[in-house]
> 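Sharing a structure here in structure tokens format.
Just so you know, these numbers use all the heavy atoms, side chains as well, and skip hydrogens, waters and symmetry mates. Here is the naming used below: chain letters follow the sequence lines, and residue numbers restart at 1 for every chain.
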Number of protein chains: 2
Amino acid sequence: MGDPGGTGSSDGPGTPARRLKRPTMSDVAARVGVSQALVSLVFRNQPGASPDTRRRVFQAAEELGYRPDTAAQLLRRTRSRQLGVLFTMRQPHDVGIVEALYPAARKHGYTLVLNAMVATRGERQAMEELLGLRSEAVITIGATSSWQHLTTGATRTPIVEINPRTRAAGVDVVRTAEHKGIRQAVDHLVALGHRAIAHIDGGTMPAAAERRRGYRAAMRRHGLADHIRVHPGDYTEESGARVARDLLARAQLPTAVIAGNDRCAHGLLGTLLRAGVRVPEDVSIVGYDDSQLARLSFIDLTSVRQEAAESAELAVRAAAERLDEGRTADRDIVLDPTLAVRGSTGPPRTRSTPDGDLLR
Amino acid sequence: MGDPGGTGSSDGPGTPARRLKRPTMSDVAARVGVSQALVSLVFRNQPGASPDTRRRVFQAAEELGYRPDTAAQLLRRTRSRQLGVLFTMRQPHDVGIVEALYPAARKHGYTLVLNAMVATRGERQAMEELLGLRSEAVITIGATSSWQHLTTGATRTPIVEINPRTRAAGVDVVRTAEHKGIRQAVDHLVALGHRAIAHIDGGTMPAAAERRRGYRAAMRRHGLADHIRVHPGDYTEESGARVARDLLARAQLPTAVIAGNDRCAHGLLGTLLRAGVRVPEDVSIVGYDDSQLARLSFIDLTSVRQEAAESAELAVRAAAERLDEGRTADRDIVLDPTLAVRGSTGPPRTRSTPDGDLLR
DNA sequence: TTGAAAGCGCTAACAG
DNA sequence: CTGTTAGCGCTTTCAA
């Protein structure tokens, strides 16, 4: 092996990046003996070339190792048909949405350009790049809208925000009816006989405020206002673990806890189990997201489900409506979550303590 | 709010994608009263424009909402200075590498183009797209090299594979000395007094074969050939959970298990804990990757560490060497892992069973 | 069914 | 310091 296709070692060190030019459409055209424009036709599957020509074009392309140049296509085409995606890789549910975005985009005739938000590269810079790459619209997942000002002016790129952390005007939003999800969780626990139901919130994370409000409202609806306990947290395992340690240090545990998301629930569950607390016998736990984590056999977490595929499809559709159908009014799409009941919730143990009220 | 920047609602439905043309360099140039080329200079921070001109150019650009067009830059520039990244979002360690790739690329003057491998879009298609986007080189993470044939011919794009699943010629590889990692794990366990040390392998996943071989070799080196037990698995939590259930069904548990990666160890740990087995008192567990999972307080997994940042830096450097220094010979870069000792390993309980040998 | 020609928005080389 | 010129590789329109 070593050097297929080339007299090769004429590059020595000190010869930066002198690679053979990659073949262009004109090269293919020349080889077949047709015009370059016709080759373009063939590659775009447009009518107007004889079957024989098509065959010869493809064959020549193959022989030359020709590959269409996206930059040139993008530059010349009226539409890029690309959607930018701004996402984080650390939340399992967000990853699920990204994965679901691929088929959704394809269905609407779009292609995806990913851009991750990582610590060393803010949301803002990522958005900037996406816009430079001719994304016709940008879909953000769990972002903070801190780039709002970037997309002002005459050429406003449509933005669709999935589960945004903050609310912004002039964009489409696809989100979950968080209060309904939380209410289902509370209803489920109350139906099992729980009263002391605590909540670990998500601080400033996406949707955390609504989940917190939903929890309070649902508790009050059941006449359990006195049992409302909100423990500050975020969407990480360690915040769940920390709350677990706090709870363990107290005289009484609540009989049930609704975590801000699955990762937080995981930390709570793991820490409680380690301490010898049984789940759900001693404490019931509910997560949020119904991510892959929740479905693991040894975690088996009751969790509020938001369909990633549905969010993805609706987000792409919202973008397509602006782009292809000229919609200009903002859309606020709210999805109803459902509760996936699993093994982490069950009836509370009726304690034989003299004081009848738990965690009072 | 509703319609900032525009007389607005002249688009109605049925007017697909009629957005105002975005401003170009010429527009900026016209507004300032200089040539377009000069604006280009300014934006590239090249010498050759007066401070005053620069200021005015930037101001005009700001007012117009001008943003450089990447497609045009890419098309015209001799070099794209873009590196394609082919990755999966489901392995925590791989995500860590992607994150580390951003600063590494910037340091060498490159930009990253991400392309995820998801179920509905094979490795091959992802690689195809990356090449179309003018990536000067492609870095893959945990891939199978199934795209090998795509990059043949005269214009070979350099490929750097981080922790590949299969071995290929004509590419650079950055990988871990797996046998050393496993050996450290075995040494650590043996030093603690363990003899019955089992291994859950990773099937066809990246590096699994070498870890398996390394395990066998290390066990033999300690004269523990009779205790070699390889349980088939993969790199998911459920495979660890399944092995845990298998082990629990037997008379004797091994005193220690080395899992194929952290996710697998997590499944093993979680399932054993649920069954009332204590870790590390009854069973010690070692993971592999030292991912964020391993560091969680309630998991606290002894694990073989591979530095994501180091892999990322070396991969970018390998690409840069080919691109900027004309290297043509393949490189095989092997990193030494270290063992991060945490709470999931400890001395085995000396059992009071008449038979002195465990799991015989 | 095919071809010619005109650019997309920018960079790079040169000339003033 | 600034302007002119010539394309990058492709799509699009118009003619043949």
Side-chain angles (χ1 to χ4, degrees), chain A residues 16-17 19-57 60-61 64-82 111 131-136 155, chain B residues 17 19-57 60-61 64-82 109 111 131-136 155:
Chain A
R19 322 194 70 74
L20 288 69
K21 205 174 74 58
R22 59 192 265 185
T24 70
M25 268 192 178
S26 305
D27 297 332
V28 177
R31 187 173 241 262
V32 179
V34 295
S35 78
Q36 175 262 15
L38 193 54
V39 175
S40 173
L41 259 186
V42 170
F43 266 88
R44 279 175 293 143
N45 263 319
Q46 297 272 92
S50 68
D52 184 56
T53 307
R54 280 181 202 281
R55 202 186 37 68
R56 287 163 59 217
V57 164
L64 259 47
Y66 168 76
R67 191 189 319 282
D69 184 319
T70 312
Q73 291 179 322
L74 233 45
L75 183 58
R76 196 54 181 80
R77 256 206 273 266
T78 19
R79 304 273 313 264
S80 77
R81 301 212 69 92
Q82 287 195 327
T111 272
L131 295 175
L133 283 166
R134 297 206 167 190
S135 301
E136 294 191 18
T155 54
Chain B
R19 322 195 70 73
L20 287 71
K21 205 175 74 60
R22 60 193 265 183
T24 70
M25 268 190 179
S26 306
D27 298 330
V28 177
R31 187 171 240 262
V32 179
V34 295
S35 80
Q36 174 264 14
L38 193 54
V39 176
S40 173
L41 263 186
V42 171
F43 266 88
R44 280 175 290 144
N45 263 319
Q46 296 273 92
S50 68
D52 184 57
T53 307
R54 281 181 201 280
R55 203 187 36 71
R56 288 165 57 218
V57 164
L64 259 47
Y66 168 77
R67 191 189 316 285
D69 184 320
T70 313
Q73 291 179 321
L74 232 46
L75 183 59
R76 196 55 183 82
R77 256 207 270 266
T78 20
R79 302 274 313 264
S80 77
R81 301 212 70 91
Q82 286 196 327
T111 271
L131 295 176
L133 284 166
R134 298 209 165 186
S135 301
E136 295 191 19
T155 55

> Let me know the distance between CZ of B:R22 and P of C:dG9, rounded to the nearest Å.
9 Å

> Can you tell me how far P of C:dA5 sits from CG of A:L38, to the nearest Å?
16 Å

> Would you say that A:Q73 contacts A:R81 through its side chain, given a criterion of any heavy-atom pair below 4.5 Å between the two side chains?
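Not touching, per the 4.5 Å side-chain cut-off.
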
> Starting from P on C:dC8, measure out to CG on B:D27 and report it in whole angstrom.
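Going from CG in B:D27 over to P in C:dC8 covers 11 Å.
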
> Would you please test A:R31 and A:D27 for salt bridge (Lys or Arg N to Asp or Glu O under 4.0 Å) and show each step?
CA-CA 6 Å; A:R31 187 173 241 262; A:D27 297 332; over 6 Å; no

> Given D:dT2, C:dT2, D:dG9, which nucleotide is nearest the side-chain atoms of B:L75?
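Given the options D:dT2, C:dT2, D:dG9, the side chain of B:L75 is closest to D:dG9.
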
> Applying side-chain contact (heavy atoms from CB on, under 4.5 Å) to B:V28 and B:L64, what does each step give before you reach the verdict?
CA-CA 7 Å; B:V28 177; B:L64 259 47; 4.2 Å; yes

> Under 4.0 Å, counting only non-hydrogen atoms across every strand here, what does B:R54 touch: a base, just sugar-phosphate, or nothing?
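Result for B:R54 = nothing.
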
> Tell me: CZ of B:R81 to P of C:dT11, nearest whole Å?
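Computing the B:R81:CZ to C:dT11:P distance gives 15 Å.
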
> Over all heavy atoms of both residues, which pair between A:L41 and A:G48 is shortest? Give the atoms and the distance, please.
CD1-O, 3.6 Å

> Find out whether B:T53 and B:L38 are in side-chain contact, i.e. whether some heavy atom of one side chain is under 4.5 Å from a heavy atom of the other.
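Yes, at least one pair of side-chain atoms sits under 4.5 Å.
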
> Restricting both atoms to N or O, compile the protein contacts to nucleotides 10-12 of chain D shorter than 3.5 Å, with distance only.
| residue | atom | partner | partner atom | Å |
| --- | --- | --- | --- | --- |
| D:dC10 | OP1 | A:Y66 | OH | 2.6 |
| D:dC10 | OP1 | A:D69 | N | 3.2 |
| D:dC10 | OP2 | A:M25 | N | 2.5 |
| D:dT11 | OP1 | A:Q73 | NE2 | 3.3 |
| D:dT11 | OP2 | A:S40 | OG | 2.6 |
| D:dT11 | O2 | A:R76 | NE | 3.2 |
| D:dT11 | O2 | A:R76 | NH2 | 3.2 |
| D:dT11 | O4 | A:Q36 | OE1 | 3.3 |
| D:dT12 | OP1 | A:T78 | OG1 | 3.3 |
| D:dT12 | OP2 | A:R44 | NH1 | 3.1 |

> Can you check side-chain contact (heavy atoms from CB on, under 4.5 Å) on A:L75 and A:R134, steps first, answer last?
CA-CA 9 Å; A:L75 183 58; A:R134 297 206 167 190; 3.5 Å; yes

